[in-house]
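Only one structure is covered here, and it is reproduced in the block below.
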Amino acid sequence: MRIFASLSLAGLMAASLTANSQTPAASQVALTPPMGWNSWNYFFEKVTDKNIRDSADQIVASGMKDAGYNYVNIDDTWEGERDANGVLHTNAKFPDMKALADYVHSKGLKIGIYSSPGPKTCAGYEGSLGHELQDAQLYASWGIDYLKYDLCSFIGDVLQKHAPNDKAEQMRIMKAAYEKMDKALKSTGRPIVFSFCQYGWDAVWEWGPEAGANLWRTTGDISPHWDRIYAIASQQAGLASYAGPGHWNDPDMLEVGNGKLSLAENRTHFSWWAMLAAPMLAGNDLSNMKPEIQAILTNRDVIAIDQDPLGKQASRVYSDGEVEVWSRPLVGGALAIAIVDVGDNRYATHPFHLNLAKLGLHGPQVGKDLWTGKPVTLTDGQPIEIASHDILLVRIASPK
Ligand code: GLA
């Protein structure tokens, strides 16, 4: 049985009344990296209205909302079919999107949705091609606050068809498709975070912000495996200068609490994303979250690194074989340092030795270990033992 969502005419009219005016609010979204939860990494195509409501409830109950998580994002597979007027309806898993959005909003949270510039989404559901304005108005009428726009079938059905042997032309067409949806979203007058998902093609960090991106995926999909998480983290080296308030590199959603990641791997993944000023979209099953995972996701000190108002992303300062050292400048002249053992094993009697000069630091540095919560002093040449895939994350309030 297919249950169609009701499209409120009043909502549509309100949306079009405010059309063509980019409100100051619309340009104020994502001043720090968006935080929240997204359905894909755990529920995949099985996500339902109930899962979204339960997740909203859990974000509140678990303390995640208080810690800063506020977007509840529905990923792919909510879409139904278009009616004779081209209006998109939801499928039976989402009987009433407006009611769902109202529910999420009633918890003091925001709601996000997903589409594609192509005719179909990655999971084969209805995309927005040729209906961009209509869809943007529909989202606004539901009260949607965030759109993830995923390239998917646009590759085969548009790019390869229209410019089969011309990569440069393909990239121009792709950029235009993102700009088109940006214009459509802005014309609704509703502040909607615009998340580009085109896997980092054509160095999106260089043109994404001017095409309307508040965030852009920099790589292909994440999965809950250390090697994939490390590969993605590695590929963020060199991108720091592109991130800033309102526009962020997106190394993909969090896998914390998913698959068979060890506690060290969960901690390192979360810390690394914080260093990268990455959007923090949890992707686990919040209704069955273990306390140790909840503790990681709600570590306020680590979240404060991610959300630092300066908005400067970390850079890899140096690496010493399997140990990488990243640093991130923070507001007020503070500094965050992450030392990660990225290797599978470290068979040695000689631990890693810290080189403060490479970090631009001189003499002992007093900081806080953000996972033990205890003060630490870092000294030059200091031997540091870090277990495989684990991290030492330190905030230095007054680096010297
Ligand atoms: C792509 C995206 C994922 C997810 C799926 C949904 O693979 O990169 O994040 O949105 O599509 O089909």
Side-chain angles (χ1 to χ4, degrees), residues 30 33-49 51-52 55 71-81 88 90-91 93-94 97 111-129 135 139 144-160 174 177-178 181 192-205 208 213-225 228-229 231-233 235-236 239 248-259 261 269 273 276 278-285:
M35 291 182 69
W37 176 90
N38 172 292
S39 59
W40 187 255
N41 283 354
Y42 180 79
F43 290 103
F44 297 101
E45 70 287 345
K46 294 193 182 69
V47 64
T48 64
D49 174 288
N51 298 144
I52 300 297
S55 301
Y71 288 97
V72 182
N73 293 351
I74 308 165
D75 208 275
D76 202 354
T77 78
W78 63 268
E79 310 88 341
E81 276 157 29
L88 182 60
T90 52
N91 63 43
K93 296 191 295 147
F94 289 88
M97 196 61 92
I111 186 162
I113 212 161
Y114 167 101
S115 190
S116 170
K120 295 285 173 205
T121 66
C122 289
Y125 287 69
E126 194 65 19
S128 292
L129 184 67
D135 286 0
Y139 306 150
I144 296 294
D145 306 296
Y146 186 120
L147 173 68
K148 172 175 169 183
Y149 208 42
D150 194 350
L151 200 58
C152 307
S153 68
F154 197 81
I155 301 167
D157 287 345
V158 180
L159 298 180
Q160 284 160 6
M174 175 181 67
Y178 278 88
M181 184 49 105
I192 297 177
V193 172
F194 194 17
S195 155
F196 286 23
C197 181
Q198 43 80 284
Y199 335 115
W201 283 16
D202 206 35
V204 59
W205 38 89
N214 296 117
L215 59 153
W216 51 85
R217 280 273 297 277
T218 53
T219 66
D221 288 11
I222 198 168
S223 68
H225 301 103
R228 185 66 193 137
I229 289 167
I232 290 179
Q235 288 162 36
Q236 311 311 305
L239 299 186
W248 308 101
N249 290 303
D250 175 10
D252 207 354
M253 305 170 295
L254 295 169
E255 292 283 13
V256 174
N258 283 340
L261 294 174
H269 172 28
W273 264 229
L276 293 168
M280 289 288 212
L281 295 171
N284 56 325
D285 179 10

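These numbers come from the heavy atoms of this one structure, side chains and all, not from hydrogens, waters or symmetry mates. Whatever order the structure lists ligands and atoms in, that order sets their numbers, starting from 1.
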| message | Measuring from atom CG of Asp250 to atom CG of Leu239, what distance do you get when rounded to the nearest 0.5 angstrom? | response | 11.5 Å
| said: Heavy-atom count check: over 12 atoms from other residues, nucleotides or ligands less than 6.0 Å from Tyr42 OH? | reply: no
| Between Arg217 and Asp252, is there a side-chain N and carboxylate O pair less than 4.0 Å apart? | yes
| task | Not counting sequence neighbours, which residues clear ring pair (Phe, Tyr, Trp, His ring centres under 6.0 Å) with Trp78? List them please. | result | Trp142
| field | Phe196 ring center near Phe194 ring center (under 6.0 Å) | value | yes
| note | Ordered by chain then number, the protein residues lying under 4.0 Å from ligand 1 by heavy atom are Trp40, Asp75, Asp76, Tyr114, Cys122, Ala123, Lys148, Asp150, Cys197, Tyr199, Arg217, Asp221, Met253
| message | Using modelled atom types and a 3.5 Å cut-off, is there a donor and acceptor pairing between side-chain atoms of Thr77 and backbone atoms of Glu45? | response | yes
